[in-house]
Every structure is written in C-alpha cells, then in structure tokens.
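Index from 1, following the sequence. Below, all heavy atoms of this structure are taken into account, side chains as well, without hydrogens, waters or symmetry copies. Predicted model only: the values in this text are computed from it and were never measured. As the structure lists them, so they are numbered: ligands from 1, and atoms in each ligand from 1.
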Amino acid sequence: MNNLSSNYINGQWQDWSGDTIDVHEAATGDVIARVPASGREQMEQAIAAANAAFESWSESTLEKRIHVLEQLHAGLKERAGEIAETICREVGMPIKLATGIQAGLPATITKSYLKLLPDFPFSEQVGNSEVQYTPVGVVGCITPWNYPLHQVILKVVPALAAGCTIVLKPSEIAPQSAYILADILDKTDLPEGVFNLVCGEGSTVGDTLIKHPDVNMVSFTGSTRTGSLIAHAAADDFKRFALEMGGKSASVILSDADLAKAVKGTVNNCLLNSGQTCTALTRMLVPADKHDEACELAAAAMAKMTPGNPLEETTRLGPLASAQQRDKVIDYIKLGIKEGATLIAGGPEAPESCAHGYFVKATLFGNVKPDSRIAQEEIFGPVLCVIPYQDEAEAIEIANGTAYGLSGAVWSGDDAHARKVAGKLRTGQVFVNGGDFNPMAPFGGFGHSGIGREFGKWGLEEFLEVRSLQL
Ligand code: NAD
C-alpha cells in the first residue's frame, strides 16, 4: 500500500500525521493508498507559499517556463507506465485505454502547449496602445477523479505557462497521480512555492481554497453542484473562476445516417471509462421508425463489453471508481425501470463474474421519455438511454432539452446536413460523423456544463488578465 502521508508545500514534502483518507482499488474494493485529510492550516500555508512565489514567477522569461514544461513533459513520458497502472487501479479504466488516455493525454497536452507557447502573443499593438496579457495571480485548482491527471494537467500546464502560481487540491478519491506529478515537478527547475499540492476533503481544504482572499482565481473541474458553490464563493471577493462541469450529451442519429456505424460509435463513446466521462454520449436520439433496430444494434455492441479486471489487456469495461458511484448508478438503473423505460440489456444486479469491486453491468434503456430523470440527470455510469423522435426539429429540441451543454454528436450520410444540425446544438463541442478528438480545439460547456474553456490557446487565456498601456 502507498502511504502518501504528506503535502507538497513551498518546494518541500511536509509530513502529515493527522487523519487520512483511504484510496480504494476499484476492481476489488481493497485499500491501496492513504493520503492526508489535511486541515485548513495546511491549505493556508500552501496559499501563502504560492503568493510569495508569484512576483518572481510572473516575471520569469518565457524560455524559463518552456524549459520547466519540457522537463515536465519528459517526466510524464518516463513515468507513463506507472501513471497508467495507478489510474487503472484507482479509477477502473482498462489498462490498454488507461495507457493511451490517462497517461498519454497529459503528455500530449503538455506537448501542445510547448508547441503553442513560442508564438503566443503575450503583448500586441492596438493603435497607440500596447495590450499586455499578464498572469492572473495565485490559482486554486480543484479536480475530479475520472481523468485525474489529465484534468490536473489541463490547469497546471497553462497556468504555469501564463506565469501563475498554483495550489492544487486533487480529488480525494483518485489522488495518487497528483503525487507523481508533484514528484516530477520537484525534480524540475521550477522555483519553490510555484506549485503546491494539498490533499484532503472538499469541505475543508477545498472550502479554504475557494474562499481565501489571496487566491485570485479558481479553476475547477467536477460536478455542477460543487461548481455552483464555487461560483457563489467567488462572487464574494470577485475571484475569477473557470468551471468545467457535468454533461448529458446527445448523439443525434439522423434518418440518412449509417445506423450501424452511428450506434457503434455512440455505444463506444458512452461506455468509455465505464461511462465516467463528462462528455459521454448518454442519450442516443433515433428516428422513431428505427428505434427497435437501433436498440438491437446497441445491445449487440454492449454484449461485447463484459466487465472484467481492468489490469488485463483484453478487458474493455472496468468497474466504477468508488462504492458511492456504483450505488448511485444502480439507483439510477432502478429509477429508469420505475419511470417506465424498457430495460433491454444490463440491469441493477452486480455482474455475475465480478463479485468484488465496484462493477455495474452495461445497461441499455429503450423508449426513454426525454423529460424523465434518467434522460435529464447525469448518471456517470455505463448507462445508455435511447430516445425516439418524430422529425429533425424534435430531435434538436430533445438534444437541447437538458440543463447541460457540454458535448454532442450528429450522424448523417451527408456531411453538410450533419454540420447544419451540429450548428443548432447548444453545446461546447459536437462530434460530426465520428470526427476525432482534437487537443488543440477549445473544450468547455454551455449552460450548467461550464463557464470558460480549456485546451489550446483558449485554455491559456483563462489564466491571463489583460492590461492596456496607452502610449
Ligand atoms: P465533485 O464536484 O464531487 O468533486 C470535484 C472536486 O471538488 C474534488 O476535488 C472535491 O474534493 C472538490 N470539492 C467538493 N466539495 C467542495 C467544496 N465544498 N469546496 C471546494 N471543493 C470541493 O465531482 P466528482 O464527483 O469528483 O467528479 C465527477 C463530476 O465531474 C461529474 O459531474 C463530471 O461530469 C464532472 N467532470 C467534468 C469535466 C469537464 O471537463 N466538463 C471533466 C471531468 C469530470
């Protein structure tokens, strides 16, 4: 078991002897690590360190920042195997996918900023004015458990690049990769105090971070419920904030689409990371006359997704990350049955082959009513709702008919048709006929899914204030 009994503050590992939080192996429920349930005092120390380091780091040269990010990139590549296995065990994502996504994306994102930075205009001339883009200050980063290192990197890398100093509070459910990151950064030439890590509960250390007057910005990824708390807290002293929150994304399959391809693409997307993905396509909208055929295709695709040990190379569906998440998803499956949706595959019982750990069967509901709770609320598990529609106008209305607006997909045999419908979706991104994920394109949500954008230049701009010198 890993005893990660410290916080990283002001360039030092500070031992912690108080209460700890157990970290569980998703596939067995065993305790695999313990991390500090730090108190407000540790968070205050970390904020003070970040504050003290700000002036010097904010004035550092771009070359120096790029140098540190190159060292970080090399460290992420070197420790990719360890990162993949750590997250596979904590979160439950199968090792093959965890290697490509959980360990691969952080290195890809870091590289994308290394490419972008040399040409980023940190100042520009507008008439008689010099417009300067200057670091926002001390940034509090608060992150969730589903892609634990990826979400941290999306904040830490552009914030460091902007010249900000950082206090990171990672998810207490999947915190171990944040320790690997701190260890990598500790071995770089990053000055002390620029990056700090404090582990603990949201209600204590998270609360201190979002309310502290010396924190200039909170960059948050997590649930809409916590995002709302952060927006309220930030309003009290006009902190800046960026929020990446939940989703209930629709896959709109138009009548002229290749149905088999569209259903397969939707199912694969929905079940990625056992449905624990904010952008998961969890509502599949199909023409009413193709509903039954679409359900048959989806059930066949899901049948190939038998749950198994995520450490095995052949596993495609792992467990959920925690007992709490498993129970929440099972409750939603029971709710779907109660609401009158047709249970086509899966169900609330634990899968036969997986007696231990936090497994849930891949579950398919047909004839789901668009206003039912399973079609409106984020379930965050391997559950797909098939919703029939009569015509395209109704499909668009249903797709836009939740409080969320993070992602979506449109499938059509005619690209122009697909793009036209994509342009009507009130979401931050839309995948058109299975288009590839692009780490240089902006990512974020409309409505209850978010405020602000991550990735590429948009992610960097979040951490910059604008000043204009009138000359
Ligand atoms: P969560 O909101 O419960 O927790 C996220 C973080 O907030 C954790 O570090 C937690 O400790 C902290 N926190 C909780 N209460 C707090 C408080 N009162 N003050 C300060 N911090 C507090 O979310 P989660 O369950 O860890 O993650 C799942 C959610 O994250 C889902 O809704 C998912 O859609 C969302 N998510 C969104 C994106 C995106 O980019 N839009 C990406 C991944 C996950």
From Arg79 atom CZ to Ile180 atom CD1, the distance as rounded to the nearest 0.5 Å: 5.5 Å
Taking ring pair (Phe, Tyr, Trp, His ring centres under 6.0 Å) as the definition, give me every residue that meets it alongside Tyr179, ordered by chain and number, with sequence neighbours left out. Trp13
For Phe443, check ring pair (Phe, Tyr, Trp, His ring centres under 6.0 Å) against everything at least two apart and list the hits. Phe455
Return all side-chain donor-acceptor pairs below 3.5 angstrom for residues 154-161, not counting sequence neighbours, or 'none' if the list is empty.
from, atom 1, to, atom 2, distance (Å)
Lys155, NZ, Ser219, OG, 3.2
Lys155, NZ, Thr221, OG1, 2.8
Lys155, NZ, Glu454, OE2, 2.8

Will you find, in the side chains of Ser249 and Ser407, an N or O donor that is under 3.5 Å from an N or O acceptor? no
For ligand 1, what is the set of protein residues having any non-hydrogen atom at a distance below 4.0 Å? Ile142, Thr143, Pro144, Trp145, Asn146, Gln151, Lys169, Pro170, Ser171, Glu172, Gly202, Gly206, Asp207, Ile210, Phe220, Thr221, Gly222, Ser223, Arg225, Thr226, Leu229, Glu244, Met245, Gly246, Cys278, Glu378, Phe380, Leu406, Phe443
Does a sphere of radius 6.0 Å around CD in Gln324 hold more than 12 heavy atoms from other residues, nucleotides or ligands, not counting ones at 6.0 Å or beyond? no
